[in-house]
Amino acid sequence: MVVPRTARVFIGCALLAAAAVTLPALRPAAGTPWPTVLLLAALYPLCELPARCRLTGGALGGRAGHDGGAAPLGPVSFYPVLIAAALLLPPSAAALTALPGAVLTRVDQPPAALRRAWRAAQLALAVGAAAAVGRTLRCDESLGLGPQTPDFPYVLLPAGATALTFCLVLTALDGGIRATAEQQPPRTAWHGLLGRALAPHAVHGLAGLMMAVLWRSGYGPPAALFALLPMYLSSWGFAQYHRERAAHQATIRALVHAVDIKDRYTRGHSERVGRASVLIAHELGMDEPRLEVVRFAGILHDIGKLGVPTRVLRKDGPLTPEERRIIELHPEYGHEMVRGIGFLGEARTAILHHHERMDGSGYPYGLKGHEIPEYARVVAVADAFDAMTSTRCYSRARPVGTALAELERCAGTQFDPRMVEALARALHRHGWQTEVTADEPAVPTPRGTPQAQTPAPEAALQEPA
């Protein structure tokens, strides 16, 4: 892997800043509490050892590495150790505790040395900044010492500020490395990072505070180790959730790949319908779990084509009435295929009803208006939109504006007007990247040439789109 020069410069600057943070702790007159530093510095990589081990990594949910072993869950699983260091130690000393774990962490992708250096600099800066904020808010005093009890609830303020600073610095640096190493636009590089990190870091902050309080109590550091047990259990549960979700995604990918192989003229159509469905659902204000379901519905809406004869799907000429009846069975085929996949939930109803029409003239059951499930009304609009904006064997791609005009013309009879309006708003805000899905490249239409080869609007919205 070639690392861009901008990324190397960014990492170099981070390393210089991390050195400036940590070096003061090494001075003889710094008064660094070395026993605490060394214990926490050893504890951090030790906590990750089970996730890196071949035997226990799978049980803890570690991902498979390239060599067949389990890769670590990642330092994020045991950030409480680093947050506890930020609460207990001066900034430069706290930053030192992150270095051994960052250097020893397993790296599956090259360049390993550069990745370890970056991780060490990132964590040292985050822990050092968090400790500086904690010191400013007098966290050391509020934790108490020995028989003194922590100053609750005041201690929650500096502890919360410490965890938040840790989160903000990591997020800022993560976005920076994405922007420089992956050449992403700044808006894209930082988009969503903070929102996804806040809740986990709040939990890590509470666990780190628990460790710090027990560490400073009369029971000493051994008692603080008990705070790690809940973290191991929560990490295991979190890893199981992600493994299950990864299995779901693999199932979806396999089904979509099968459809793409069978119907080569609509390759990529399923993913784009899923994307357009999410745009519509997001405009309608659906929450995250429902967005995931509607994405599944869009991606799998044509899964029933696996039950349609290939000769019918790939026919270049007009379909006979018998062939059209066969095509119109694909929603029912698809519903039967996914009936036993529990995690799809209401997506199954969208697969069954995405060709129903608002005026009741659709198929397979002729449902009318709001009798049609909401997810199916979303997918119907997304499906027709992509069918019109993609080049197929029987039609050229239309411009987005033309496709929206057709959807608006058919709103109320074929499509739910709410869904059409939501798609128009989403496209105005986010835009749309059209792609050619036929095997052959599209022939550009000369400017000013009438679209004589484009089918009539109603035909363009029908199968085999």
Side-chain angles (χ1 to χ4, degrees), residues 25 31-51 56 60 73-102 123-124 126-167 170 198-238:
T32 301
W34 286 110
T36 301
V37 171
L38 294 175
L39 277 172
L40 288 170
L43 185 60
Y44 177 49
L46 187 64
C47 287
E48 291 191 324
L49 189 60
T56 59
L60 288 172
L73 290 171
V76 67
S77 300
F78 298 102
Y79 279 165
V81 177
L82 299 182
I83 294 176
L87 296 172
L88 291 167
L89 297 168
S92 57
L96 282 175
T97 63
L99 299 182
L123 290 177
V127 178
V133 170
R135 288 279 156 154
T136 302
L137 297 176
R138 306 171 69 87
C139 184
D140 187 61
E141 296 179 12
S142 60
L143 282 174
L145 181 60
Q148 296 177 353
T149 58
D151 185 8
F152 282 107
Y154 173 75
V155 71
L156 295 175
L157 174 62
T162 299
L164 179 61
T165 303
F166 186 79
C167 174
L170 282 183
L198 278 176
H201 281 85
V203 176
H204 297 154
L206 288 174
L209 175 60
M210 185 189 307
M211 279 193 66
V213 168
L214 291 172
W215 196 288
R216 296 287 293 273
S217 72
Y219 299 102
L225 298 178
F226 287 102
L228 296 178
L229 181 59
M231 285 306 301
Y232 265 95
L233 295 176
S234 65
S235 296
W236 181 83
F238 192 66

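- Considering CG of Leu143 and OG1 of Thr149, their distance stands at 11.5 Å, rounded to 0.5 Å.
- Between the side chain of Thr32 and the backbone N or O of Trp34, no donor-acceptor pair lies under 3.5 Å.
- Counting only heavy atoms from C-beta outward, the side chains of Pro158 and Ser142 approach each other to under 4.5 Å.
- Within a 6.0 Å radius of CZ in Phe226, no more than 12 heavy atoms belonging to other residues, nucleotides or ligands are found.
- Checked by atom type and distance alone, the side chain of Arg216 never pairs as donor or acceptor with a backbone atom of Leu145 at under 3.5 Å.
- For Ala25 against Ala93, the heavy-atom pair with the smallest separation is CB-N, 3.8 Å.
- Contact check for Val81 versus Met211: side-chain heavy atoms found under the 4.5 Å cut-off.
- Residues Leu157 and Leu137 share a closest heavy-atom pair of O-CD1, 4.4 Å.
- Here the rule is side-chain contact (heavy atoms from CB on, under 4.5 Å) with Leu88, and of Val213, Val37, Asp140, Leu40 only Leu40 fits it.
- Remark: Trp215 CH2 to Met210 CE distance equals 15.5 Å, nearest 0.5 Å.
- Every residue two or more places apart in sequence or in another chain was checked for a side chain to side chain donor-acceptor pair (under 3.5 Å) with Arg135, and none qualifies.
- Taking each heavy atom of Ala86 and Val127 in turn, the nearest pair found is CB-O, 4.0 Å.
- Taking both residues in full, the closest heavy atoms of Gly205 and Ala163 are given as CA-CB, 3.8 Å, listed atom of the first, atom of the second, then distance.
- Every residue two or more places apart in sequence or in another chain was checked for a side-chain contact (heavy atoms from CB on, under 4.5 Å) with Leu206, and none qualifies.
- When every heavy atom of Leu123 is checked against every heavy atom of Ala102, the shortest pair comes out as CD1-CB, 4.1 Å.
- Not one N or O on the side chain of Thr165 forms a donor-acceptor pair closer than 3.5 Å with the backbone of Ala129.
- Rounding to the nearest 0.5 angstrom, the gap separating the SG atom in Cys139 from the CG atom in Leu209 is 7.5 Å.
- For the atom pair CG of Leu39 and CG of Leu46, the computed distance is 11.0 Å after rounding to the nearest 0.5 Å.
- Looking only at side-chain heavy atoms (C-beta outward), Thr36 and Thr97 stay at 4.5 Å or farther from each other.
- For the pair Tyr219 and Leu214, the minimum side-chain heavy-atom distance is 4.5 Å or more.
- The nearest pair of heavy atoms linking Pro45 to Gly101 is CB-CA, 3.8 Å.
- Inter-residue side-chain proximity for Tyr44 and Leu99 is flagged as unmet; no heavy-atom pair is nearer than 4.5 Å.
- Here the NE2-CG distance, from His201 to Leu170, works out to 5.0 Å after rounding to the nearest 0.5 Å.
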